[in-house]
> 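Structure incoming, see below.
All chains are named by letter (A, B, ...) in the order of the sequence lines, taking the proteins before the strands, and each is independently numbered beginning at 1. Computed from heavy atoms alone, side chains included, the values below leave out hydrogens, waters and symmetry copies. Computed from a predicted structure; not experimentally measured.
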Number of protein chains: 2
Amino acid sequence: MQERLEQIKKQLQSQQLKLTPQREATLQILLENQEKHLSAEDIFMLVKQRNPDIGLATVYRTLELLHDLRIIEKLSFGDGVSRYEFRSDDHPHHHHHLICLKCGEVSEIEDLLDDLEMRVEREHKFKIVDHRVNLLGYCESCQQEMKLKNM
Amino acid sequence: MQERLEQIKKQLQSQQLKLTPQREATLQILLENQEKHLSAEDIFMLVKQRNPDIGLATVYRTLELLHDLRIIEKLSFGDGVSRYEFRSDDHPHHHHHLICLKCGEVSEIEDLLDDLEMRVEREHKFKIVDHRVNLLGYCESCQQEMKLKNM
DNA sequence: ATCTGTGCAAAAGATTTGCAGTTAT
DNA sequence: ATAACTGCAAATCTTTTGCACAGAT
């Protein structure tokens with residue numbers, strides 16, 4: 001965890017950029033919530049708890065910077081806000097998301113598309129570099145709840 | 001084409017809703033641009049050419065209504081605007097989108113996920129009702145252009 | 001000195017809402 | 001009469017930008 005921070009610090013310094021307290025706090029929140037998909041506002045509120053003097057614009061600028069450096073991903077689930085998460089080199093591609101239409105929970109599943117992508121690249125002559133796959137439906141607990149209530 | 005309009009008119013009337021000139025004009029634009037993915041602003045400008053007195057809010061309200069009635073789909077490609085398109089009963093699920101990162105063109109390909117979805121439903125006990133699949137990369141002509149310019 | 005980074009307030013862009021007036025039933 | 005519908009302007013929400021100041025090199 002901390003070694004990841006050190007690594008990022010070096011990446012920043014190699015381009016005359018600084019790992020300021022605000023940026024470090026933002027990264028810390030992102031590191032502690034790797035499995036979540038936080039919005040800029042979420043991140044802002046969490047960072048503010050530890051560093052009350054930070055401004056929302058700074059969070060946005062930090063997220064933009066980290067995105068440009070390919071350190072984080074910027075996701076859109078179509079609900080009007082962008083969400084951010086750490087980019088792990090294990091998955092050069094996005095994992096897929098299961099989005100529950102009832103409770104709104106977003107969970108991740110493994111990448112299933114490799115075979116299909118090869119087929120698409122061949123058949124459509126389209127060079128794929130990334131994908132966004134969101135499956136919409138009902139999670140297990142909401143399915144049970146709906147069954148009980150006869151919905 | 002016109003029979004689709006009649007059909008929608010009946011669907012509206014069955015719920016005491018009206019097919020007003022504004023709604024008809026909006027539907028007409030949507031019908032004429034089935035393969036495109038128009039934003040609300042795009043639709044507004046196209047409708048305004050024929051019906052200059054329409055307001056943007058009316059277009060938004062019409063699109064929301066048509067979406068609630070499942071007549072159109074609301075799509076998000078993560079660029080900050082919602083896009084709308086006719087919902088065809090042939091594809092209860094969305095088709096997939098190929099999004100070119102260079103020229104921005106969005107094209108559609110057939111649905112490839114049926115087998116995978118069955119697997120996901122089984123392994124994750126998640127009932128899938130829809131999906132959004134966007135493949136990001138480079139279209140054929142941008143690939144060629146990049147090859148020429150050695151990018 | 002210069003460049004990077006910051007907070008704040010204002011601006012921007014997309015979408016929604018309140019409201020008073022209009023239209024269809 | 002009643003309920004649906006409209007345009008307009010104002011409000012809202014997320015994100016970006018301008019600017020004057022602060023900190024590091």
> Can a donor-acceptor pair be found between the side chains of A/Thr62 and A/Thr26 at a distance below 3.5 Å?
no

> Could you pull out all donor-acceptor pairs under 3.5 Å where a side-chain atom in residues 132-142 of chain A meets a protein atom, sequence neighbours excluded?
unit_1, atom_1, unit_2, atom_2, d
A/Asn134, OD1, A/His97, ND1, 3.4

> Rounded to the nearest Å, what distance is computed from the CG atom of residue B/Asp79 to the P atom of nucleotide D/dT16?
13 Å

> C/dT4 phosphate, OP1 or OP2: any side-chain N/O from A/Arg23 under 4.0 angstrom?
no

> For nucleotides 14-24 of chain C, tabulate all protein N/O to nucleotide N/O atom pairs closer than 3.5 Å, reporting atom names and distance.
unit_1, atom_1, unit_2, atom_2, d
C/dT15, OP1, B/Ser82, N, 2.9
C/dT15, OP1, B/Ser82, OG, 3.4
C/dT15, OP2, B/Tyr60, OH, 2.3
C/dT15, O5', B/Tyr60, OH, 3.1
C/dG18, O6, B/Arg61, NH1, 3.1

> At what distance, to the nearest 0.5 angstrom, does CG of B/Leu5 lie from NZ of B/Lys10?
12.0 Å

> Starting at atom CG of A/Asp53, determine the distance to atom P of C/dC8, rounded to an integer number of angstrom.
7 Å

> Might you point out which heavy atoms bring B/Ile109 and B/Leu98 nearest each other, and give the distance in Å?
CG2-CD1, 3.6 Å

> Which heavy-atom pair separates A/Phe77 from A/Arg83 by the least distance, and what is that distance?
CD1-CD, 3.6 Å

> Would you kindly give the CG-to-C1' distance between A/Leu65 and D/dT17, to the nearest whole Å?
17 Å

> Figure out the CG/C1' separation between B/Leu27 and D/dC5, and round it to whole Å.
15 Å

> Would you say A/Thr20 reaches C/dT6's phosphate, i.e. side-chain N/O to OP1/OP2 under 4.0 Å?
yes

> With A/Ile29, which of A/Met45, A/Gln49, A/Lys36, A/Arg50 fulfils side chain to side chain contact (heavy atoms under 4.5 Å, CB included)?
A/Arg50

> Between D/dT16 atom C1' and A/Leu63 atom CG, what is the distance in whole Å?
13 Å

> Starting at the 5' end of DNA chain C and moving along, which residue's nearest nucleotide shows up first, A/Lys48 or A/Leu17?
A/Leu17

> Side-chain heavy atoms under 4.5 angstrom apart, residues restricted to Ile, Leu, Val, Met, Phe, Trp, Tyr: same cluster for B/Val81 and B/Leu66?
no

> Can you tell me the distance, in whole Å, between the CG atom of A/Leu12 and the P atom of D/dT25?
13 Å

> How long is the line joining CD of B/Gln15 and C1' of D/dA3, in whole Å?
15 Å

> May I ask you to verify if any side-chain N or O of B/Gln22 is less than 4.0 angstrom from the OP1 or OP2 atom of D/dT6?
yes

> Output the rounded distance in Å from CD (A/Glu24) to P (C/dG5).
14 Å

